[in-house]
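A, B, ... follow the sequence lines: proteins, then strands. Residue 1 opens every chain.
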2 protein chains.
Amino acid sequence: MAVVPAEGDDRAAPCAGPRAPGRPRSSVADAAIVAAAIDSLEADGFDGLTVDGVAARAGVSKATIYRRYPSKIELVLAAAQQCIGDIPIPLDTGSLRGDLEATARKLVALVSDTPAGRIMPMLVAEISRNAELRDAFRDYIGCRRMISMEIAQRALARGELRADTDVDVMVDVLAGPIFYRSLVSGGPLDDNFLTHLVDAVTRAYAI
Amino acid sequence: MAVVPAEGDDRAAPCAGPRAPGRPRSSVADAAIVAAAIDSLEADGFDGLTVDGVAARAGVSKATIYRRYPSKIELVLAAAQQCIGDIPIPLDTGSLRGDLEATARKLVALVSDTPAGRIMPMLVAEISRNAELRDAFRDYIGCRRMISMEIAQRALARGELRADTDVDVMVDVLAGPIFYRSLVSGGPLDDNFLTHLVDAVTRAYAI
DNA sequence: CGAATACAAGACTCTTGCGTCTCGTAACTC
DNA sequence: GAGTTACGAGACGCAAGAGTCTTGTATTCG
């Protein structure tokens with residue numbers, strides 16, 4: 001079973017033929033279901049989410065959900081996938097410190113102001129027990145890391161970066177404290193924090 | 001309701017009188033129940049834990065559990081509390097870098113080799129939804145931070161630390177990447193990582 | 001011994017939630 | 001209009017799990 005089998009659509013014709021007979025699926029319901037599932041994940045976690053609850057929240061009947069997803073787990077995975085779907089463009093501000101700060105700000109915005117950030121705590125718990133979800137999530141993390149690698153490449157080319165830099169560690173030194181405050185300590189993610197963090201990473205890694 | 005009401009003991013006499021009549025509670029069962037609960041938390045998470053499961057794992061009957069804890073939630077909280085109970089002694093190796101490395105090694109050991117580390121992912125999810133548990137956990141985090149503060153005080157006294165250091169951020173720059181790898185990215189927590197991390201923090205904050 | 005309590009085993013009630021199904025209605029194609 | 005599918009509403013069966021209770025036995029005190 002693939003992690004996210006597109007959607008349980010039997011009707012999303014592989015052949016984009018003329019059209020399926022009968023009343024078409026409501027795309028409004030499609031969106032409402034996923035949005036409601038994300039809301040439920042944020043509020044109640046992976047285990048706390050109920051299909052009845054999602055149906056009520058979305059204003060649809062359970063049958064409408066089960067017509068799209070064969071089981072609760074498929075629904076949950078589709079919602080989680082939707083959250084973490086978009087990967088931002090690599091930033092190039094022209095300097096190492098500028099790139100670091102822009103990256104840090106993006107990360108803070110991610111964990112603070114997006115559904116992905118709000119379900120992150122539940123995702124952390126879930127990937128510690130679900131190998132399939134863990135692999136999918138690690139793939140996603142890997143993609144994000146590639147962006148940071150580009151920052152390091154550019155900084156090296158500019159001669160701004162220490163030659164002995166372990167780029168993996170540098171990325172973690174920047175991202176780790178942001179996730180740590182968001183997930184664990186609950187410390188503020190304000191401008192003061194961001195400035196001190198970016199300063200520290202710059203001092204640690206700039207030539 | 002206190003976070004952890006000692007234990008649901010009606011018999012743990014406030015007056016340390018002569019002795020309660022009848023057969024005393026089995027301390028073997030006490031320990032087995034908590035250990036089984038911790039195992040269950042690691043394996044199944046806060047929601048996945050079942051009282052029947054803990055009873056089976058501990059080799060006791062459900063009545064024996066309910067005689068000690070009035071409800072499942074009290075059992076779970078007692079188990080969680082047990083995990084994160086011990087706070088290590090502040091380290092003084094004589095140098096900032098030494099203190100940082102010792103602290104980092106303790107943290108890696110904590111997240112890698114202790115029940116506390118293994119239930120951490122579930123704890124992260126739970127504190128995002130349970131205010132009571134969140135407060136208790138933040139208290140614990142606060143206590144740990146005090147230790148790191150001492151490290152900074154000593155380093156300042158030695159003249160090793162930059163005067164403009166934000167100690168809170170410094171602590172997060174050290175601890176954040178360790179938790180990040182443990183909880184999120186799954187990256188290795190080996191000697192190479194530790195060395196590079198401690199080097200980076202030292203470069204960022206030492207004079 | 002008798003009283004009191006703990007214990008294992010397990011039956012029991014009650015609630016919750018998954019997944020299925022039916023019914024009457026709505027939307028779309030031919 | 002006929003046929004087909006989606007929809008909301010909700011009933012339904014089923015399983016899992018919380019918490020209670022019973023029964024027979026074990027342990028401790030006086």
Side-chain angles (χ1 to χ4, degrees), chain A residues 1 5 7-13 15-34 36-37 40-41 43-79, chain B residues 1 5 7-13 15-34 36-37 40-41 43-79:
Chain A
M1 176 178 62
E7 291 196 3
D9 275 22
D10 312 336
R11 298 188 65 218
C15 52
R19 170 142 198 182
R23 178 175 173 175
R25 296 243 178 108
S26 161
S27 58
V28 174
D30 289 343
I33 290 168
V34 172
S40 292
L41 282 184
D44 306 317
F46 277 74
D47 293 310
L49 177 146
T50 69
V51 178
D52 292 270
V54 171
R57 221 183 262 258
V60 305
S61 74
K62 281 209 296 180
T64 302
I65 293 178
Y66 278 102
R67 202 171 285 115
R68 290 164 170 76
Y69 306 95
S71 69
K72 167 183 164 174
I73 182 64
E74 302 292 336
L75 167 63
V76 168
L77 290 177
Chain B
M1 177 179 61
E7 291 195 2
D9 274 22
D10 311 337
R11 298 188 66 220
C15 50
R19 172 145 195 178
R23 177 175 175 176
R25 297 238 178 112
S26 161
S27 58
V28 175
D30 289 343
I33 289 168
V34 172
S40 292
L41 282 184
D44 306 317
F46 278 72
D47 293 311
L49 176 144
T50 69
V51 177
D52 291 271
V54 172
R57 222 183 262 257
V60 306
S61 74
K62 279 209 296 179
T64 302
I65 294 178
Y66 278 103
R67 203 171 285 115
R68 289 164 170 75
Y69 306 96
S71 69
K72 167 182 164 173
I73 183 64
E74 301 292 335
L75 167 63
V76 168
L77 289 177

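- The existence of a salt bridge linking B:D30 and B:R25 is excluded, since no basic side-chain nitrogen approaches an acidic carboxylate oxygen closer than 4.0 Å.
- A:F46 CZ to B:D47 CG: the interatomic distance, rounded to the nearest 0.5 Å, is 12.0 Å.
- Rounded to whole Å, the distance from CZ on B:R25 to P on C:dA8 is 12 Å.
- Spacing between atom CG of A:D30 and atom P of D:dC7 amounts to 8 Å, rounded to whole angstrom units.
- For the atom pair B:S71 OG and B:I65 CD1, the distance stands at 12.0 Å (nearest 0.5 Å).
- Across the protein-nucleic acid pair, A:R67 atom CZ and D:dA9 atom C1' stand 13 Å apart, rounded to whole Å.
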query: For nucleotides 13-26 of chain D, read 5' to 3', which letter fits each nucleotide if B means a protein heavy atom sits under 4.0 Å from the base, S means only the sugar-phosphate is that close, and - means neither?
result: ----SSBB-----B
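- Closest to the A:P21 side chain, of the nucleotides D:dT5, C:dA6, D:dC7, is D:dT5.
- Under the side-chain contact (heavy atoms from CB on, under 4.5 Å) criterion, A:A43 pairs with A:R57, not counting sequence neighbours.
- For the residue pair B:A79 and B:A37, the shortest heavy atom distance occurs at CB-CB, 3.7 Å.
- Look at A:T64 and you'll find a side-chain N or O under 4.0 angstrom from OP1 or OP2 of D:dG8.
- The CZ atom of A:R68 sits 17 Å away from the P atom of C:dG19 (whole-angstrom rounding).
- Residues A:Y69 and A:V51 are not in side-chain contact: their nearest non-hydrogen atoms beyond the backbone lie 4.5 Å or more apart.
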